[in-house]
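Accompanying notes for the structure given below.
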Amino acid sequence: MVRDILQQISELLERHNDSSNALAIGLLGDDKKMWNFLISNELWGGAGSVADQAVLEFPDARRQLETLLIRLGRAQMNLGRVNVRTEMWVLAFEKWHEEGNR
């Protein structure tokens with residue numbers, strides 16, 4: 001399931017010329033590499049991370065990305081394999097979507 005969501009994120013970023021080498025590694029590598037990316041600051045960190053800054057210039061794509069990151073983060077939380085910021089991002093995205101701010 002997480003690999004499928006990661007694939008959808010990769011395709012969304014590529015459509016908007018915002019792809020990441022690490023994302024490709026996460027998809028194409030073995031499970032260990034994929035999980036290293038899934039718990040990384042590159043995905044869930046602060047400034048410069050996918051969660052923080054990817055496709056900001058495309059509001060519709062950004063909302064789609066946030067929806068996918070919610071699904072991905074929830075799946076990771078269910079598996080107990082998260083970054084320290086995963087839950088914070090998921091809760092923020094859910095709140096923004098509830099309020100219609102994104």
Check your understanding: Any sub-3.5 Å donor-acceptor pair from Ser10's side-chain atoms to Gln7's backbone N or O?
Key -> no
Check your understanding: Of all heavy-atom pairs between Ile5 and Arg71, which one has the smallest distance, and what is that distance?
Key -> CG1-NH2, 3.7 Å
Practice item. Heavy atoms only: give me the nearest Trp44-Gln76 pair and the separation to one decimal. Key: NE1-OE1, 3.2 Å
Exercise for review: For the residue pair Gln53 and Ser49, confirm or rule out a side-chain donor-acceptor distance under 3.5 Å.
Suggested key: no
Review point. Quick one: CG on Leu38 to CG on Leu6, what's the gap to the nearest 0.5 Å?
Key: 5.5 Å
Exercise for review: Kindly compute the distance separating CZ (Phe37) from CD (Glu42), expressed to the nearest 0.5 Å.
Suggested key: 5.5 Å
Exercise for review: Step by step, work out the side-chain contact (heavy atoms from CB on, under 4.5 Å) result for Arg81 and Val2.
Suggested key: CA-CA 11 Å; Arg81 297 180 82 175; Val2 293; over 6 Å; no
Study note, to complete from the structure: In short, Leu69 meets Val90 closest at the heavy-atom pair O-CG2, 4.0 Å
**Study point:** Reported OG1-to-CE distance for the pair Thr86 and Met88, which is rounded to 0.5 angstrom
**Key:** 8.5 Å
Check your understanding: Is there a chain of hydrophobic side chains (I, L, V, M, F, W, Y, each step under 4.5 Å between heavy atoms) that links Leu68 to Leu91?
Key -> no
**Study point:** Any donor-acceptor pair under 3.5 Å from Thr67 side chain to Arg63 backbone
**Key:** yes
Revision key, fill the gap. Correct closest heavy-atom pair for Phe93 and Ala51 would be CZ-O, 3.5 Å
Check your understanding: Between CG of Leu13 and CZ of Arg15, what distance do you get to the nearest 0.5 Å?
Key -> 9.0 Å
Practice item. Kindly compute the distance separating CD (Gln64) from CG (Leu12), expressed to the nearest 0.5 Å. Key: 5.5 Å
**Study point:** Criterion side-chain contact (heavy atoms from CB on, under 4.5 Å) on Asn83 and Leu43, from CA distance to verdict
**Key:** CA-CA 9 Å; Asn83 178 286; Leu43 179 61; over 6 Å; no
Review point. Can a donor-acceptor pair be found between the side chains of Glu66 and Trp89 at a distance below 3.5 Å?
Key: no
Review point. Any idea which heavy atoms bring His16 and Val55 closest together, and the distance?
Key: CB-CG1, 3.7 Å
Review point. Hey, are the side chains of Leu65 and Phe58 touching, using non-hydrogen atoms and a 4.5 Å cut-off?
Key: no
Point to revise | Neighbour count >12 (heavy atoms, 6.0 Å) for atom CD, Glu94 | key: yes
Point to revise | Smallest separation among heavy atoms of Ala75 and Met1, with atom names | key: CB-CE, 4.3 Å
